[in-house]
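In what follows, chains are A, B, ... by sequence order, proteins preceding strands, each numbered from 1. In this text, all values refer to a predicted model and were calculated from it rather than measured experimentally.
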Amino acid sequence: MDAGTLHNQIGAVQLHICSNDSGFLRKFRNSSLQCISKGFALDVKLLSKGICNSKHGKVRVTYTSLCHASVVDPALRTSLSANDYNQKPSIESSLILIRHGESLWNEKNLFTGCVDVPLTKRGIEEAIEAGKRISNIPVDIIYTSALIRAQMTAMLAMTQHRRKKVPIITHDESEQAKAWSQIFSDETNKQSIPVITAWQLNERMYGELQGLNKKETAERYGKEKVHDWRRSYDIPPPNGESLEMCSQRAVAYFREKIEPQLQSGKNVMVAAHGNSLRSIIMYLDKLTSQEVINLELSTGVPLLYIYKDTKFIKRGSPVGPTEAGVYAYTKG
Amino acid sequence: MASAVFHQAIGTLLSHQHLHNSGFHQEFGNVSVNLISKGFKVYTGLSISRKGGYSSGKRNFSVVQGSASQTSVVDPLSTPSNDSKNGFQKKSSEAALILIRHGESLWNEKNLFTGCVDVPLTKKGVEEAIEAGKRISNIPVDMIYTSSLIRAQMTAMLAMTQHRRRKVPIIMHNESEQARAWSQIFSEDTMRQSIPVITAWQLNERMYGELQGLNKQETADRFGKEKVHEWRRSYDIPPPNGESLEMCAERAVAYFKDQIEPQLCSGKHVMIAAHGNSLRSIIMYLDKLTSQEVISLELSTGIPMLYIFKEGRFIRKGSPAGPTEAGVYAYTRFINFTNASGSI
C-alpha cells in the first residue's frame, strides 16, 4: 500500500458513519481514510490488505487492489477534517457497467452481433440478480444499446432498485415520438431517470457471421480464421466490425455523451454488451489492445467505477462473490 | 344451442389424438365437431354457458369456444368425417390471433397518467407477463407485433420465454439503413427458426396529452372530476393535446387492417402485445362493437385473449387456460359481461 501517495480524495464513501472509530483507522496502518458522506452507501467487499473489519460497525469501504490512489497522505490528514473544508468537495459520481446475460442465441450457440435477440429465462434472472447488487447505488441516468437484451437487462435490474425513481425511456426518433412521450409534471420529471438508447453501445457487428452456428462457421472457414475474427483486435469478419471498430464508436460515444454527465455529478448506469463494454473499460483503465483482448466480462455481474476529477477509479463488483477479481472475470 | 347454424369452421384445434373422442361429441347433443389438427393445442378454462355443458375434466382435450359459439359449431350434415383422419383441410386457412395487454407499470403503481410515456414494468408486471406466456405456451406464433413502448415489448419477450416451441423472437429494425443492415441474419436455417417482432407506434397506448405524468388525484382537483371522467371514459373527447379513444382507434385499427390482417390471411399466427386502449380499439373492430360497448370494455392485464381468423372472420375464443370465472373477454372482476350461465 502506498502511503506516500498524495491524493485529495477518498475512494470510500459512506452513509452511516463511524469514522471516529480509531480501531478502524488504525487498521490502515499509517494511512488514514477520510470518509465523505455522499448520500449513498456502497456495499463492497474489501479486496486489499488493511482490510476494514466490518464488525467495526457500519463502516463500508470500497477498495480495490489499486488502493494507493485513494489513500490520503497522513501529513495531509491534519489539515483536512470533515468539518473543515477550504476547498469545495470535488465531484464524485458513480458509473455502473452491466453486461446483459444469456440470450436465446447464446443458448443455441449462434453468432449474435447486432441481431436483436431477447434474453432467456436465465438471462432474466441474471438481470434481476445484477439489480440486487446495485440496489443501493444511486442512478441518475441510464444508457443502453438499441438492442432489447440490454434494455431489458437495465429495466429488470432497476425493478430491484431501492430508490423509487422511475426509469423513463426517452424517444427522439421522430418529432411525433418526442412530442408523444412528453411528461407534463415537473414533480414527476424529478422522480424520473432518463434512459437513453444508443446504437453506438450495441454489440460488435458480426457481419456475415450473424446467425451462423459457431461450429458450422469453424467448419466452413477454418478454426483459425474464425479465431482471428473473434479474438483479434483489428480483423473484422466479412462485412462486420473488428473490436477496434467497435471500440471507436463506443468510446467516442462514451466520451461525448456519457462522460459529461459524470463530470456534472450525475450517477450513470450503462447496460450493454461484451464488446462495447470492454471497449469502454479499455478507455477507463487505459488497457492495451493485447490486454483488452484477454478481458472477459462476466454476464450479469455489475462493475462499479467512481469518477472523480476526470479520473476513473475501478471499484470492482458491488457485493461481488468472494473469488471474483476486480473485473468480475469469467471463471474460465 | 344453435345447432342448426351452418359453419364450416371449427373452434377446436388439437395436435395429438382424441379426434375420435366420441364422448365429446355426445356432450354437444346432436352436433358433432370436426377437428382439424393444426399442429397446436389450445387450452382454455372454458365458460360455456349453454346446456350440454362441457366438462374440462376431459383429459387432453381442449375446446376453445366463446359464448358466441354458434359461429363455431359445425353443422352435422356438412361434416366430412374422413377429414378428421388426416386432420387438415387445406382450403380454409385458419390462423390464431393472440392479444396480450401488458401488466403493471411503474406509473400504474404511482397512479400517474401514463399514455405514451415510456415507463417500464414493475416486478408484478414482469410476473404477469410470464404468467401470460405460460397460458399461450402451446399456441403457435409466427409473428409478433408490439407497440414502440418497452412495457409492451418486454411483455412479449417475457411471455415468449415460456413458449414451448423453440423459435426465437427477433426484433426487426428499420429505423435507418444502418439499423437494417446491422441486424441482418445470414443463415436461412436460423431465419426459419425466427419469429419476427415488429414494433409499431400505431399500437401505442392512447396518447394522453397534457395529462401525461400528472397524478390522477391532482388532475381531478385541478380540472374537476367530471372533465377528467369525460377524457378518460368518453369515446371522442380528447384530453388537451391528446388523443380521444376514437383517434387512438383510428390509427390502431388502420394499422391492424393494413399490416396485421394480411398476415392472418396468409395463414400466419400472430401475437399482439399492446395496451388497454389500442387493444380495445382492435377488439372493437374484431367484434364489431359500438362505441358505447367499447367504452365499457375493460381488459384484464396479462391475460391473453385468443381469436381464430378464418375466411375473413374473427372468431372469439376467450382466454387460453383462463381462470374459471373469466368471461370470454377476461374481464376484470367487476364487470359482468353478458353470460347466460352467469358463470362470472
Contact summary for B:Asp142 and B:Pro196, nearest pair of heavy atoms: O-CD, 3.3 Å
Shortest non-hydrogen separation from B:Tyr145 to B:Val270 and the atoms involved: CD1-CG1, 3.7 Å
Heavy-atom side-chain proximity of A:Leu303 to A:Leu297 below 4.5 angstrom: yes
Sub-4.5 Å side-chain heavy-atom contact between B:Arg233 and B:His229: yes
Side chain proximity check, A:Ile98 to A:Ile134, heavy atoms < 4.5 angstrom: yes
Nearest heavy atoms of A:Ile280 and A:Ala250, plus distance in Å: CG1-O, 4.4 Å
Among B:Met207, B:Met154, B:Met157, B:Met160, residue most engaged with chain A (heavy-atom pairs, under 4.5 Å): B:Met207
Part of B:Val117 within contact of chain A (heavy atom distance under 4.5 Å): both
Between chain A and chain B, which donor-acceptor atom pairs come closer than 3.5 Å, counting both backbone and side-chain atoms?
| unit_1 | atom_1 | unit_2 | atom_2 | d |
| --- | --- | --- | --- | --- |
| B:Lys110 | NZ | A:Lys164 | O | 3.4 |
| B:Asp118 | O | A:Ile169 | N | 3.1 |
| B:Asp118 | OD2 | A:His171 | NE2 | 2.6 |
| B:Arg166 | O | A:Lys108 | NZ | 3.3 |
| B:Ile171 | N | A:Asp116 | O | 3.0 |
| B:His173 | NE2 | A:Asp116 | OD2 | 2.6 |
| B:Trp182 | O | A:Gln210 | NE2 | 2.9 |
| B:Gln184 | O | A:Gln210 | NE2 | 2.9 |
| B:Phe186 | N | A:Gln210 | O | 2.8 |
| B:Thr190 | OG1 | A:Gly211 | O | 2.6 |
| B:Gln212 | O | A:Phe184 | N | 2.8 |
| B:Gln212 | NE2 | A:Trp180 | O | 2.9 |
| B:Gln212 | NE2 | A:Gln182 | O | 2.9 |
| B:Gly213 | O | A:Thr188 | OG1 | 2.6 |

Minimum heavy-atom distance between A:Ala271 and A:Ala154, given as atom pair plus value: CB-CB, 3.8 Å
Least distance between heavy atoms, B:Gly103 atom then B:Thr301 atom: CA-CB, 3.8 Å
Engaged part of B:Ile130 at the chain A interface, taking heavy atoms whose separation is under 4.5 Å: neither
Spacing of A:Ile124 atom CD1 and A:Leu119 atom CG [to the nearest 0.5 Å]: 6.0 Å
Side chain / backbone / both / neither for A:Ile183 at chain B, heavy atoms under 4.5 Å: both
Which atoms of B:Leu112 approach chain A - backbone, side chain, both or neither, heavy atom under 4.5 Å: side chain
Top contributor to chain A contacts, counting heavy-atom pairs under 4.5 Å, from B:Ile185, B:Leu158, B:Val126, B:Leu149: B:Ile185
Least distance between heavy atoms, A:Phe184 atom then B:Leu214 atom: O-CD1, 3.3 Å
Chain B contacts, top residue of A:Gly211, A:Ala177, A:Gly240, A:Gly207 (heavy-atom pairs, under 4.5 Å): A:Gly211
Greatest number of heavy atom pairs closer than 4.5 Å to chain B - which of A:Gly123, A:Ala179, A:Pro167: A:Pro167
